[in-house]
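What follows is one structure encoded as structure tokens, with my remarks underneath.
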Amino acid sequence: EAEVAQSPRYKITEKSQAVAFWCDPISGHATLYWYRQILGQGPELLVQFQDESVVDDSQLPKDRFSAERLKGVDSTLKIQPAELGDSAMYLCASSLAPTSKNEQFFGPGTRLTVL
Amino acid sequence: DQQVKQNSPSLSVQEGRISILNCDYTNSMFDYFLWYKKYPAEGPTFLISISSIKDKNEDGRFTVFLNKSAKHLSLHIVPSQPGDSAVYFCAASVRNRDDKIIFGKGTRLHILP
């Protein structure tokens, strides 16, 4: 069964360092999402791509976060510099189309700890 | 400001009994509601959804009820099984606007043997 792949699964870094997360969506899924889930909270959308274009990055802290999906397939989320408050689970999801009625398939996530 | 509220952080239910997970929302524009299930070390998986034009949707052991006037929905699991132990997220969207899914904080369900 096709799955969303994410790496690394765990990342420990010191504040002010740069970190990057990678996501490979299910083949054929045009829509890709990055969510952040703080402990005890639900996932919160950071950025949504349709193919290689950003369609929603309203909640992305653009002073330190960046995301790209250059060829409209896999995607990278970067944080530079990392801050203590960035410690969270970063989830990637993909779907066939950009509507909530289309099921979003989530990857296992990258757990980031900033020391 | 939480638009989707799951006020019970955890719930314990005996195996074989009914599990009822509750969710309230504040945004009257929400017209599509979803439940996701999450096991430890895995991403959330879609469970069931309901459109605001309906008040009930059933899929096997899982039924979601929607009460629009009360801005409340619930997920019923009958009968509860050990594999149902997980965190359940209620979520909602406004499909004719930005269609962004807003998640609640989740409820951890423990099925007791």
Side-chain angles (χ1 to χ4, degrees), chain A residues 1-10 21-26 29-50 54-60 77 88-111, chain B residues 1-10 21 23-27 29-54 57 59 64 73 75 86-108:
Chain A
E1 184 176 307
E3 294 180 343
V4 175
Q6 289 188 248
S7 68
R9 294 291 305 273
Y10 304 91
F21 313 132
W22 176 79
C23 171
D24 191 14
I26 292 173
H29 281 193
T31 311
L32 185 146
Y33 310 82
W34 282 101
Y35 288 88
R36 177 172 60 186
Q37 184 184 5
I38 296 170
L39 191 64
Q41 305 287 322
E44 177 189 17
L45 181 68
L46 290 175
V47 61
Q48 176 181 339
F49 289 91
Q50 182 63 24
V54 173
V55 296
D56 185 349
D57 63 357
S58 57
Q59 299 302 311
L60 188 71
L77 178 69
M89 176 73 82
Y90 291 84
L91 294 161
C92 179
S94 70
S95 65
L96 279 170
T99 69
S100 59
K101 195 172 184 181
N102 285 271
E103 180 178 346
Q104 292 187 22
F105 294 83
F106 283 82
T110 296
R111 181 166 295 283
Chain B
D1 180 29
Q2 281 274 312
Q3 297 186 67
V4 178
K5 300 179 182 181
Q6 294 179 260
N7 293 319
S8 298
S10 66
L21 293 93
C23 177
D24 298 295
Y25 60 95
T26 58
N27 187 346
M29 298 293 290
F30 285 143
D31 56 6
Y32 193 66
F33 303 88
L34 312 93
W35 286 92
Y36 276 79
K37 176 180 179 179
K38 185 182 184 303
Y39 292 121
E42 296 182 12
T45 56
F46 170 77
L47 192 56
I48 192 169
S49 63
I50 186 167
S51 167
S52 61
I53 63 174
K54 296 185 176 182
N57 188 26
D59 183 2
V64 56
L73 65 156
L75 174 68
V87 176
Y88 289 80
F89 292 101
C90 174
S93 68
V94 182
R95 289 180 55 202
N96 61 358
R97 286 180 62 181
D98 61 15
D99 208 14
K100 184 161 60 178
I101 294 179
I102 308 298
F103 287 85
K105 292 183 178 183
T107 296
R108 183 177 298 278

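Order of the sequence lines sets the chain letters (A, B, ...), proteins ahead of strands, with each chain counted from 1.
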Please classify the contact of B/I102 with chain A as side chain, backbone, both or neither, using a heavy-atom distance under 4.5 Å. neither
Sort B/Q2 into side chain, backbone, both or neither according to what part of it lies under 4.5 angstrom from a heavy atom of chain A. side chain
Restricting to side chain to side chain donor-acceptor pair (under 3.5 Å), what partner residues turn up for A/T110, sequence neighbours left out?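 Partners of A/T110 under the side chain to side chain donor-acceptor pair (under 3.5 Å) test: none.
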B/D24: side chain to side chain donor-acceptor pair (under 3.5 Å) partners, not counting sequence neighbours: B/H72
Contact origin within [X] toward chain B - heavy atom pairs under 4.5 Å:
X     : value
A/E3  : neither
A/R9  : side chain
A/Y33 : neither

Hey, which of B/F89, B/F103, B/F46, B/Y39 has the most heavy atom pairs under 4.5 Å with chain A?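 Max contact count across the listed options: B/F103.
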Quick check: are there more than 12 heavy atoms from other residues, nucleotides or ligands sitting under 6.0 Å from NZ of B/K5? no
Going from NZ on B/K38 to CE on A/M89, what distance comes out if it is rounded to the nearest 0.5 angstrom?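 It is 5.0 Å, given to the nearest 0.5 Å.
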So which atom in A/L91 and which in B/P44 form the shortest heavy-atom distance, rounded to 0.1 Å?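 Minimum heavy-atom contact is CD1-CD, 4.0 Å.
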Non-hydrogen atoms of B/A41 and A/P108 that approach each other most closely: O-CB, 4.1 Å
Heavy-atom contacts under 4.5 Å, residues 37-45 of chain A to chain B: A/Q37, A/G40, A/Q41, A/G42, A/P43, A/L45
Sequence neighbours left out, what passes side chain to side chain contact (heavy atoms under 4.5 Å, CB included) with B/R95? Give chain and number order. A/S100, A/K101, B/D31, B/Y32, B/S93, B/D99
